[in-house]
Amino acid sequence: MKKWLLIGVLALLVGCQQAEDANFYSIKDRGDVLVIENIFLEAEKIDETLDVETADYHLKLLGNEYYVWKDEGDTGKLVYKYDTSQAYAFNDLSRITTILERK
């Protein structure tokens, strides 16, 4: 009985971990990383506090990690994982989502 209970708990934990990672993308293709980083470089700082728990995407680009939110139209918002106190707004969200859809 204990064996089946342990198996059930492990299955539940694995399912929860997969749900948490559903919006995590590790981008390793150099061209894709350059496209996304160029979009982020043009982002403008905004006076807004964003909760990383509500992010639509969690991106890892060659060691740098970002949380990204969808906004109206083709705009988005982002924060750098290691400095979540500064938020930025950017354009061209569709170029990023196109890259993510290929992953």
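Residue indices begin at 1 and follow the sequence shown. A quick note: this is a predicted structure, and the numbers were derived from the prediction, not measured. Excluded from the calculations below are hydrogen atoms, water molecules and symmetry mates; all remaining heavy atoms, backbone and side chain alike, are included.
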Taking atom CZ of Phe24 and atom CD of Glu65, what is their separation to the nearest 0.5 Å? 5.5 Å

Verdict with reasoning, Ile46 to Gln86, per side chain to side chain contact (heavy atoms under 4.5 Å, CB included): CA-CA 8 Å; Ile46 57 175; Gln86 296 183 2; over 6 Å; no

Determine whether a donor-acceptor pair (N or O, by modelled atom type, separation under 3.5 Å) exists between the side chain of Asp29 and the backbone of Asp32. yes

Scan Tyr80, Tyr66, Tyr88 and name whichever one has a ring pair (Phe, Tyr, Trp, His ring centres under 6.0 Å) with Phe40. Tyr66

Non-hydrogen atoms of Ile39 and Asn91 that approach each other most closely: CG2-O, 3.2 Å

Nearest 0.5 Å, please: how far is CD1 in Ile27 from CG in Asn64? 13.0 Å

Establish whether Leu50 and Val52 are linked, either directly or via other cluster members, by ILVMFWY side-chain heavy-atom contacts under 4.5 Å. yes

Any heavy-atom pair between the side chains of Leu59 and Leu100 that's under 4.5 Å? yes

Can you tell me how the ring of Tyr67 sits relative to the ring of His58, calling it parallel under 30°, perpendicular over 60° and tilted otherwise? parallel

Rounded to the nearest 0.5 Å, what's the gap from CD1 on Ile99 to CG on Leu61? Could you check? 9.0 Å

Which atom of Asp56 lies closest to which atom of Asn23, heavy atoms considered: O-CB, 3.2 Å

For the atom pair CZ (Phe90) and CG (Leu41), what is the distance rounded to the nearest 0.5 Å? 12.5 Å

Within a reach of under 6.0 Å around CZ of Arg30, are more than 12 heavy atoms found that belong to other residues, nucleotides or ligands? no

With a 3.5 Å cut-off and sequence neighbours excluded, list the donor-acceptor pairs that the side chains of residues 68-79 form with protein atoms.
from  : atom 1 : to    : atom 2 : distance (Å)
Trp69 : NE1    : Thr54 : O      : 3.3
Trp69 : NE1    : Thr54 : OG1    : 3.1
Asp74 : OD1    : Leu93 : N      : 3.2
Asp74 : OD1    : Ser94 : N      : 2.6
Asp74 : OD1    : Ser94 : OG     : 3.1
Asp74 : OD2    : Ser94 : OG     : 3.2
Thr75 : OG1    : Glu72 : O      : 2.6
Lys77 : NZ     : Glu48 : OE1    : 3.0
Lys77 : NZ     : Glu48 : OE2    : 2.9

Contact summary for Lys28 and Leu62, nearest pair of heavy atoms: O-CD2, 4.2 Å

